[in-house]
Amino acid sequence: MTLTTFLELAKVCEKLTKTTKTLEKTKIVSNFLSKLEKEEISPAIFLIIGTIFSETDPRTLNINWKSLEPVLKSLKQKTLFQEKLTITSVYKTFLKIAQISGKGSQRKKKDMLISLFSQVSPLEKKFLMRNIFGEMRHGVKEGVMIKAISVASGLDYSNIKRAYMINGNIGEIGKIALEDGEEGIKKVSIKLFQPIKPMLGEIVEDLNQAFNKHGKNLALEYKYDGIRVQIHKSGKIVRIFTRHLKEITSNFPEIIKKILDNIEIDDIIVEGELIAIDSNGRPLPFQDLMHRFKRIYEIKKVQQLIPVSLLLFDIIFCNGKSFLNIPYQKRWKKLSEIVKNFDLAKRIITNNIDEANIFYNNAISEGHEGVMIKALTSIYHPGERKNDWLKLKSEIRLDIVIIAADWGSGRRHKWLSNYHLAVIDEKEEFQVIGKTFKGLTDQEFENITEELLKLKINDNQYTV
DNA sequence: TCTGTCTGCCCC
DNA sequence: ATTCTGC
DNA sequence: GCAGAATGGGCAGACAGA
């Protein structure tokens, strides 16, 4: 057995930066994957896409530029006998670094980084750094990687994709595909406490567009401005996961209790939106909810300050049975039977556009974000943005002024691409309301940069 | 030990 | 989250 | 139509200095 060097992986990454063509990237990666030893497949996949850990994994590297910079500067003294780094040895080092925490952790991490970096060539160094920062800049992430796994294993692309959306661990999926083949991939199924990627909705401009896309048999649900959550329950254990499969169970103890008190079924996965509410039950802005998110201290105190409410809208799994292939209307029926004392998202079923408009306007006037429009017969497609679900949000128009601008980064480094915005209040003074960087083409950035530089009164290298 | 600062990570 | 580009 | 890149605000955790 010959282990593959990290240098070979770095060369593959370098090769990927030389082409913009997806097919070529797919071929480069799949050829590389095919040559790997079994134990290298998963680490290689993570090192190529630059994430180290799967989405469900709570671990992180936690390395600052502050601690990496001195490491890179101290690299002059090259060790004479260089050991060849392998994919697995690099990966193991990253795992060790992720384990270090607490006082003095930065020091320990620095030492490990120094010994890691002192063994590498410039090319390896380049991609080790990109791995640490999670930005590979070679155009291969999950999407292209799934294609590469499909080509390398000779298995159907849609089966691999489905398995990934259900399992969430792309390294594991690659290993299963290449080792166990079709049989292994088909066996990948929903498991309790292993969150799946949630189904997503397409944006529509208005209800006419939604009705044109769907024809008939529509359900409209309130779209709440909060955190999308997937809740897994088995017996007395309840865990909450976000849209990106991160666990936030400990932040919302009252929700756990409510689930235990109101859902009797032992094994179940349901989905809903978690929102902050005031004492009258009216929705609070998303920012208020953020005070409870990822909090470790004073959870009880903030729980009193910012109450939350959970509105359920889907069921994915119940008593050992997957509900992914059950049509929307039947899923809703099951959900409403099981969670009798629980709030479901407010909903109507209608073919009448006037009725739909009234429903939408009610959602907005009650302080919500808009509505979701769902096809009654549609099944649940994990992780996919399909026409089966549409979202309609309200928009507000404002007259605003650009009062400052930041230089962009990456592809936008030559432009002022991040604008500080203000409205003019009744005293004719600027009231800063926020920043934006969105909604413009390259040519528009070019023009605006030119215009703004003509008007500039101050420039500190970052902000004009 | 307390406080300010920096930065990664997570949501929208 | 949104919006852009390149394929 | 898909995939990747770029972008902001709030929190915890770590360090440096008082």
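FYI, side chains are in, hydrogens and waters are out, and symmetry mates aren't considered; it's all heavy atoms of this structure. The structure displayed is predicted, hence computed values, not measured ones.
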Have a look at [X] and say if it touches a base, only the backbone sugar-phosphate, or nothing, with a 4.0 Å heavy-atom cut-off.
X      : value
A:I63  : sugar-phosphate
A:K110 : nothing
A:L61  : sugar-phosphate
A:G226 : sugar-phosphate
A:I203 : sugar-phosphate

Considering only side-chain heavy atoms of A:Q287, which listed nucleotide, B:dC12, C:dC7, D:dG9, is closest?
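Closest of the options to the side chain of A:Q287: D:dG9.
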Sequence-distant partners of [X], side chain to side chain donor-acceptor pair (under 3.5 Å), two or more places apart:
X      : result
A:T22  : none
A:K186 : A:E182
A:D111 : A:R107
A:R295 : none

[X] side chain near [N] phosphate (N/O to OP1/OP2, under 4.0 Å):
X      : N      : value
A:K393 : B:dC12 : no
A:T60  : B:dG8  : no
A:H291 : D:dC11 : yes

Identify the pairs formed between an N or O of the protein and an N or O of nucleotides 1-4 of chain B at a distance under 3.5 Å, and give each distance.
none

Please state how far atom [atom1] in [X] lies from atom [atom2] in [N], giving the value in whole angstrom units.
X      : N      : atom1 : atom2 : value
A:R295 : D:dA12 : CZ    : P     : 5 Å
A:E135 : D:dG4  : CD    : P     : 14 Å
A:F286 : D:dG10 : CZ    : C1'   : 10 Å
A:L200 : B:dC12 : CG    : C1'   : 13 Å
A:K109 : B:dC6  : NZ    : C1'   : 14 Å
A:K21  : D:dG4  : NZ    : P     : 17 Å
A:F293 : B:dC10 : CZ    : C1'   : 4 Å
A:I248 : D:dG10 : CD1   : P     : 18 Å

Just to verify, what does A:K175 make a salt bridge (Lys or Arg N to Asp or Glu O under 4.0 Å) with, not counting sequence neighbours?
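For A:K175, the residues satisfying salt bridge (Lys or Arg N to Asp or Glu O under 4.0 Å) (neighbours in sequence not counted) are A:E179.
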Does A:K125 make a cation-pi contact with A:F117, if we ask for NZ or CZ under 6.0 Å from the ring centre and within 45° of the axis?
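No, A:K125 and A:F117 do not form such a contact.
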Identify all side-chain donor-acceptor contacts of residues 283-291 of chain A below 3.5 Å with residues at least two apart in sequence or on another chain.
none

Looking at A:E298 and A:K301, is any side-chain nitrogen of the basic one under 4.0 Å from a carboxylate oxygen of the acidic one?
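A salt bridge links A:K301 with A:E298.
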Do the side chain of A:T26 and the main chain of A:A148 share a donor and acceptor less than 3.5 angstrom apart?
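Checking the backbone N and O of A:A148 against the side chain of A:T26, no donor-acceptor pair under 3.5 Å is found.
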What pairs meet the side chain to side chain donor-acceptor pair (under 3.5 Å) rule with one or both residues in residues 154-174 of chain A, with sequence neighbours excluded?
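Of all non-adjacent pairs touching residues 154-174 of chain A, those that pass side chain to side chain donor-acceptor pair (under 3.5 Å) are A:E55-A:Y164, A:D156-A:S158, A:Y164-A:K197, A:N167-A:E172.
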For nucleotides 1-3 of chain D, tabulate all protein N/O to nucleotide N/O atom pairs closer than 3.5 Å, reporting atom names and distance.
from: D:dA3; atom 1: OP1; to: A:Y157; atom 2: OH; distance (Å): 3.0

